[in-house]
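Written below as structure tokens is the structure these notes are about.
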There are 2 protein chains.
Amino acid sequence: MLNMFGILEKPLITITNIIWSFDRTTKQLQVLLVKRAQPPYQNSWALPETFMRTQESADEAALRLIREKIGLNLSDFYTEQLATFTNQQRTSNERALSLAYMTFLPEMPALKAGYGALEARWFAFSAVQKRYCLSNRQLTFQTAAEASETAYYQALKQQQPDQHLAFDHEWILRLACQRIKNKLNYQPNILLVLGAQFTLKEARMIYAAFLGIKPSEIDNSNFKKTHKHLFKDIGISSSKQIGRPAKLYRLASNKVEF
Amino acid sequence: MLNMFGILEKPLITITNIIWSFDRTTKQLQVLLVKRAQPPYQNSWALPETFMRTQESADEAALRLIREKIGLNLSDFYTEQLATFTNQQRTSNERALSLAYMTFLPEMPALKAGYGALEARWFAFSAVQKRYCLSNRQLTFQTAAEASETAYYQALKQQQPDQHLAFDHEWILRLACQRIKNKLNYQPNILLVLGAQFTLKEARMIYAAFLGIKPSEIDNSNFKKTHKHLFKDIGISSSKQIGRPAKLYRLASNKVEF
DNA sequence: GCAAAAGTGTTGTCAGTACACCCATGA
DNA sequence: TCATGGGTGTACTGACAACACTTTTGC
């Protein structure tokens with residue numbers, strides 16, 4: 001149909017999902033990365049991706065991706081749209097759009113590399129200077145440093161493939177982190193990685209990671225006062241470690257006012 | 001390529017652009033709607049759309065749409081991404097994604113219906129109850145009433161085509177209005193429709209439209225104090241009407257902190 | 001001079017911060 | 001009992017809303 005000048009040749013549609021979880025032993029946020037089995041960017045680490053199918057919406061594809069990549073089959077996860085990336089320079093070969101989503105898992109499951117991946121690993125999330133950092137043993141990746149889209153895609157061409165994530169994934173991650181940080185004080189969906197219940201200390205650890213400060217720099221008293229409208233007290237106290245046991249909270253169903 | 005089960009059959013990619021402007025005579029915000037010349041939804045009013053071409057990014061396509069639909073050829077407009085709509089039920093026939101953008105024109109140009117449109121008109125924007133309303137003479141459309149996506153798309157099937165905008169455009173508009181409203185107090189890009197310079201009264205008129213109140217309900221003194229960091233005073237005063245001439249302002253280049 | 005519209009100033013309230021203090025637990 | 005960590009309370013500060021007052025224009 002009207003393909004004379006390639007005008008209506010359809011690009012590939014990729015679903016890119018940034019999957020977050022929380023490691024309760026090391027107390028660190030985690031992001032899922034996979035090592036690509038096929039070109040382009042074969043053997044590079046990347047955000048998990050899949051192609052969209054015609055019978056499903058992008059949200060459904062993002063959920064399917066989780067099932068396929070990490071074999072996890074919980075009833076439903078919280079997934080939200082991040083943005084859509086369409087710059088021509090984002091892929092070096094065939095044109096491909098990326099519809100990017102974020103998923104917050106309530107636990108940190110063991111991973112097995114699914115179709116299209118040689119490996120799948122959790123990478124620990126941390127802030128370094130004004131950027132964010134994903135690391136697993138000797139592997140380390142950072143969110144893009146450039147502030148402007150054109151500058152980033154310009155720099156992307158000269159990049160060393162093995163030092164960086166595939167495609168424009170460092171740019172996508174940058175936007176994801178910004179978005180989460182901006183929403184911390186009114187819709188902290190990132191706390192869903194803490195599962196059904198969490199202590200204020202755990203919440204402060206996540207806030208601190210995005211703010212680039214130490215958890216101890218967030219005053220517990222003030223934090224509770226300024227965020228109590230976002231959390232629901234579920235009375236029960238856990239124990240297990242030294243010190244007074246903390247109360248447990250869950251995210252208040254934060255219906256955003258329309 | 002791997003088209004066995006229609007799995008990789010590629011959907012159409014539509015760029016939908018919500019184009020805003022401001023009528024300085026009636027002092028009302030305007031949204032551009034077109035009357036569709038071709039099926040589906042032939043003769044229905046709709047947001048202007050185009051198909052994405054492989055040589056361009058979605059942002060470029062959104063700009064091309066403006067040139068083609070309204071023959072306007074300013075150097076560059078401010079365009080921002082709204083969201084991407086992928087629900088299967090959003091189109092009744094062939095599957096199509098919509099990448100939705102918003103453009104804020106610094107003036108309100110005369111319109112001529114471009115390719116694919118029988119007519120193109122500016123519709124005045126106003127708030128009615130908890131919804132928003134677009135009207136031009138006897139024609140009136142409203143943003144979707146449903147709060148949940150599934151509820152909306154369920155209701156969409158039973159809709160009278162001639163009472164409503166085409167496709168899920170009333171849903172898209174709803175999200176657009178919400179987004180603009182939420183950003184009023186930290187990144188009021190909507191004020192770009194006021195052009196290079198504006199008075200505080202004009203700004204208050206736009207705020208009032210989204211807040212569903214009268215401009216007089218916004219205290220000028222307080223408005224100036226709480227928003228002065230967003231505006232830059234450009235000293236000059238205009239006159240032309242009764243009362244003390246107002247100072248002129250422009251949007252401060254609001255770099256968002258990263 | 002008067003009305004209209006814009007700008008300035010003043011006060012009270014409320015939310016956020018800094019910080020001191022109290023409580024519950026494990027070793 | 002002490003150290004550790006969580007919870008509570010108080011005083012200071014700064015932002016915002018309500019509202020009174022002043023300035024500049026057209027008629």
Side-chain angles (χ1 to χ4, degrees), chain A residues 24-27 181-188 191 194 197-208 210-250 252 254 257, chain B residues 24-27 181-188 191 194 197-208 210-250 252 254 257:
Chain A
R24 277 220 145 77
T25 64
T26 67
K27 304 290 189 187
K181 181 181 173 185
N182 287 337
K183 290 179 99 171
L184 283 180
N185 288 321
Y186 68 97
Q187 208 180 51
L191 295 183
L194 295 174
Q197 50 195 34
F198 54 85
T199 64
L200 288 189
K201 172 154 205 177
E202 290 169 331
R204 277 188 290 133
M205 287 191 290
I206 290 181
Y207 277 64
F210 282 97
L211 298 173
I213 59 180
K214 283 176 290 188
S216 58
E217 292 181 71
I218 302 177
D219 185 282
N220 191 29
S221 164
N222 296 331
F223 182 76
K224 174 185 256 178
K225 270 182 284 187
T226 52
H227 294 83
K228 62 171 179 292
H229 63 289
L230 298 170
F231 306 149
K232 183 145 186 264
D233 186 333
I234 45 177
I236 320 150
S237 301
S238 86
S239 49
K240 267 300 194 293
Q241 56 172 15
I242 201 168
R244 176 174 175 169
K247 282 189 183 171
L248 292 174
Y249 297 84
R250 65 171 178 77
N254 49 38
E257 182 88 12
Chain B
R24 277 219 145 79
T25 66
T26 66
K27 303 290 188 186
K181 182 180 173 185
N182 287 336
K183 291 179 99 173
L184 283 180
N185 288 320
Y186 68 98
Q187 208 181 52
L191 295 184
L194 295 175
Q197 50 195 32
F198 54 85
T199 64
L200 287 188
K201 174 155 203 177
E202 290 169 330
R204 277 188 291 135
M205 286 190 290
I206 290 181
Y207 277 63
F210 282 96
L211 298 173
I213 59 180
K214 283 176 290 187
S216 59
E217 290 180 72
I218 302 178
D219 184 282
N220 191 28
S221 165
N222 295 331
F223 182 76
K224 173 185 255 177
K225 273 181 282 188
T226 51
H227 294 83
K228 61 173 181 290
H229 63 289
L230 298 169
F231 306 150
K232 184 147 183 265
D233 186 333
I234 45 178
I236 319 149
S237 300
S238 86
S239 51
K240 268 298 195 294
Q241 55 171 13
I242 201 168
R244 176 173 175 168
K247 282 189 184 170
L248 293 175
Y249 297 84
R250 65 171 178 76
N254 49 38
E257 182 88 13

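In what follows, every chain begins at residue 1, and chains take the letters A, B, ... in the order their sequences are listed. Only this structure's heavy atoms are used, side chains among them; waters, hydrogens and symmetry mates stay out.
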Taking [atom1] from [X] and [atom2] from [N], how many angstroms apart are they, rounded to a whole number?
X        : N      : atom1 : atom2 : value
A:Lys228 : D:dG7  : NZ    : C1'   : 14 Å
B:Asn222 : C:dG7  : CG    : P     : 14 Å
A:Asp233 : D:dG6  : CG    : P     : 15 Å
A:Leu200 : D:dT8  : CG    : C1'   : 13 Å
A:His229 : C:dA15 : NE2   : C1'   : 11 Å
A:Leu184 : C:dG16 : CG    : P     : 15 Å

**Request:** Tell me whether the OP1 or OP2 atom of D:dG6 has a side-chain N or O from A:Lys224 closer than 4.0 Å.
**Result:** no
**Request:** Compare side-chain N and O positions of B:Lys225 against OP1 and OP2 of C:dT8 and report whether any pair is under 4.0 Å apart.
**Result:**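 Checking B:Lys225 against C:dT8: no side-chain N or O falls below 4.0 Å of OP1 or OP2.
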**Prompt:** Does B:Thr226 have any side-chain contact (heavy atoms from CB on, under 4.5 Å) partners at least two apart in sequence or in another chain, and if so, which?
**Reply:** none
**Message:** To the closest 0.5 Å, what do you measure between NZ (B:Lys224) and NE2 (B:His227)?
**Reply:** 13.5 Å
**A:Asp233 CG to A:Tyr249 OH distance, which is reported to the nearest 0.5 Å** = 5.0 Å
Looking at the side chain of [X], which of [options] is the nearest nucleotide?
X        : options                : answer
A:Pro245 : C:dA24, C:dA18, D:dC19 : C:dA24
B:Thr226 : D:dA18, D:dG6, D:dC16  : D:dC16
B:Lys247 : C:dC19, C:dT8, C:dA5   : C:dT8

**Request:** For DNA chain C, find the residues of residues 211-221 of chain A with a heavy-atom distance under 4.0 Å and give them by number; none if there aren't any.
**Result:**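 Correct list: A:Asp219, A:Ser221.
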**Complete:** Hits for salt bridge (Lys or Arg N to Asp or Glu O under 4.0 Å) against A:Lys214, two or more places apart or cross-chain, chain-then-number order -> none
**Item:** Close side-chain approach of A:Ile206 to A:Phe198, heavy-atom, < 4.5 Å
**Value:** no
**Request:** Looking only at non-hydrogen atoms, find the nearest pair between A:Leu230 and A:Tyr186 and report the distance.
**Result:**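 What the structure gives for the nearest pair is CD2-O, 3.5 Å.
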